Enquirer: 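One structure, pasted below without further comment.
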Amino acid sequence: MKRSLPGICLAAWVALGAAPAPEMTGTWKADLVRRGDVHLPLYLVLRQSGDRLEGRVFAPAGGELPLRKAHFEDGDAVFDTQFGMNYRLHAEGPLLRVTVRYEWRPTEVAMAVRVAETETAPPARIPLPEVRNLPENGLARTPPMGWNSWNRFGEAVDDATVREIADALVNSGMAAAGYTYVCIDDTWEGDRDADGRLHPNGKFPDLKALGDYLHRRGLKFGLYSSPGVQTCAGYAGSHGREEQDARTFADWGVDYLKYDWCSAGCTYRLDERRAVCQRMGEALARCGRPVVFSLSESTPGSEVWIWGPLAGANLWRTTSDIHDNWTEMSAIGFNQDQFARSAGPGHWNDPDMLEVGNGGMTDTEYRTHFSLWCLLAAPLIAGNDLRQMSTATLSTLTNRELIAVDQDPLGQQGTRQLQRGSLEVWCKPLQDGSRAVGIFNRSSETIPIALSWEELGFSRLPAAVRDLWAGRNLAVEPTGFRGRVPAHGVVVLRGA
Ligand code: GLA
């Protein structure tokens, strides 16, 4: 089952630790608890000299980052790390209380204990292949559609839940609407046997049988791994076992692999990512089954959208993790313009999975989320509990006219056509010569809209225009479109 990695990345820092040793100098370990009760070890390697504090924060499942702007406030050490995470350390007897704040996420608190510095040796590197352009695998000609366990279930996913979700996918009509891939995210992994073959943990007694269950229902089977020694939730990754794991996945009937960078960041440099991911791309190409290859790797500077398709990937994340709130969803969705040129049949930008129906946004906001993802030609991977969906959730996820925009065979990602304060217009050209146009209101007030057809991206007066959420054709006024868009809402038009 889950293991804690005996040391990565820290040896170099420990060796430097010549500072006198007041209370915080040393190596500390805390246990953070994330989505669905996933426990993540977090190490703090600190060197304190008076009111000066240096060091690193290190998560075996996520890599390491130096302390920035470290200082003391009321006896507590306070610092940031590169991506804006804020830490406060408060000494409580022999322990440190660690408080982590990161943007809109709930504050995390954990107690840290001192650990031996010997817990910190980096994993061996594996030889990397010479970088080459892998041929396309011919899959994902339109953005993949399906369901993934992570957003709603985290670690609390098991065989029975996946079977029930698969049944709900079929019975609700979602499968018929195009949602095909049923993907088990992180936390399924167990131990390797004497031959190195990876087995699932006790939550998944028989993955081959589960794959068969999905296939019998006309669905496809998705699984998760990492090029690191550990996955992001601290389970076994495929590091050095890519060939063997790809064959094992094929034996189980896997049709889709999400491959999450995670602890590989401890071993490989930014410029080695392509070669590391290519190892799995090559292994999948040889495994004997067509497998959609999805990279989950969005570290600033890695530019996965440029090299991802050449390493065999069909999609790649362009953001850090989405969470179920308006602020984060809209920050991610409206930031995707810059990647548009990388999308096309067989290779897609992935702004992360859908949160529609998870409860943190209003139905209006979920329609905006879904509309934006469709205009972006994003993978539509539902992340909610399909066994108990409201009518509004189901009708959002199964709006056929919006899905047709996402799945349009031209495969062109929509881009921002106009921005005026909190009003944004995004356009997506479609194969039949028509275009889909989203008129978004990012403000918290309803706004009246009066936009010319030119402002909506049409080069001439359209002959016909349809409102895709209202499901009706509009009378085309020569002056343009007039209407009202509710707070955080959207109107999506299709016209030619
Ligand atoms: C990362 C990914 C998530 C999910 C978790 C699982 O955070 O970005 O989508 O796969 O790992 O640990």
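Start at 1 and go down the list; that is how both ligands and their atoms are numbered. Since we're looking at a predicted model, the values are computed, not measured.
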Enquirer: Can we say Arg197 and Asp195 salt-bridge, meaning some charged N sits less than 4.0 Å from an Asp/Glu carboxylate O?
Expert: no

Enquirer: Identify, with sequence neighbours excluded, every residue that meets side chain to side chain contact (heavy atoms under 4.5 Å, CB included) alongside Gln338.
Expert: Asn335

Enquirer: Taking only heavy atoms of Asp185, which atoms of ligand 1 are found under 4.0 Å from at least one of them?
Expert: 4 (C), 6 (C), 10 (O)

Enquirer: Looking at residues at least two apart in the chain, or sitting in another chain, which of them share a side-chain hydrogen bond (donor to acceptor under 3.5 Å, both in side chains) with Asn137?
Expert: Asn314

Enquirer: Are any of the N/O atoms in Asp352 less than 3.5 Å from those in ligand 1?
Expert: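 Min N/O separation from ligand 1 is not below 3.5 Å for Asp352.
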
Enquirer: At their closest point, which heavy atom of Cys287 faces which heavy atom of Arg247, and how far apart are they?
Expert: CB-N, 4.4 Å

Enquirer: Going by distance alone, is a donor N or O of one side chain under 3.5 Å from an acceptor N or O of the other, for Trp305 and Glu303?
Expert: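 Not at all, the side chains of Trp305 and Glu303 share no donor-acceptor pair under 3.5 Å.
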
Enquirer: Can you tell me if Thr415 uses its side chain to pair, donor with acceptor, with the backbone of Asp337 under 3.5 Å?
Expert: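 No.
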
Enquirer: Looking at ligand 1, would Thr231 count as a contact under a 4.0 Å heavy-atom criterion?
Expert: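 Thr231 does not count as a contact of ligand 1 under the 4.0 Å cut-off.
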
Enquirer: Using a strict cut-off of 4.0 Å, indicate which atoms of ligand 1 neighbour a heavy atom of Ser296.
Expert: 2 (C), 8 (O)

Enquirer: Check each of Asn148, Ile381, Asp186 against atom 6 (C) of ligand 1 and report the one with the nearest heavy atom.
Expert: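 Minimum heavy-atom distance to atom 6 (C) of ligand 1 goes to Asp186.
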
Enquirer: Looking at Ala233, which atoms of ligand 1 are within less than 4.0 Å of one of its heavy atoms?
Expert: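 So the atoms of ligand 1 that pass are 12 (O).
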
Enquirer: Please identify which atoms of ligand 1 are closer than 4.0 Å to at least one heavy atom of Lys258.
Expert: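 Reading through ligand 1 atom by atom, the close ones are 3 (C), 4 (C), 9 (O), 10 (O).
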
Enquirer: Quick check: does Trp150 get an N/O under 3.5 Å from an N/O on ligand 1?
Expert: no

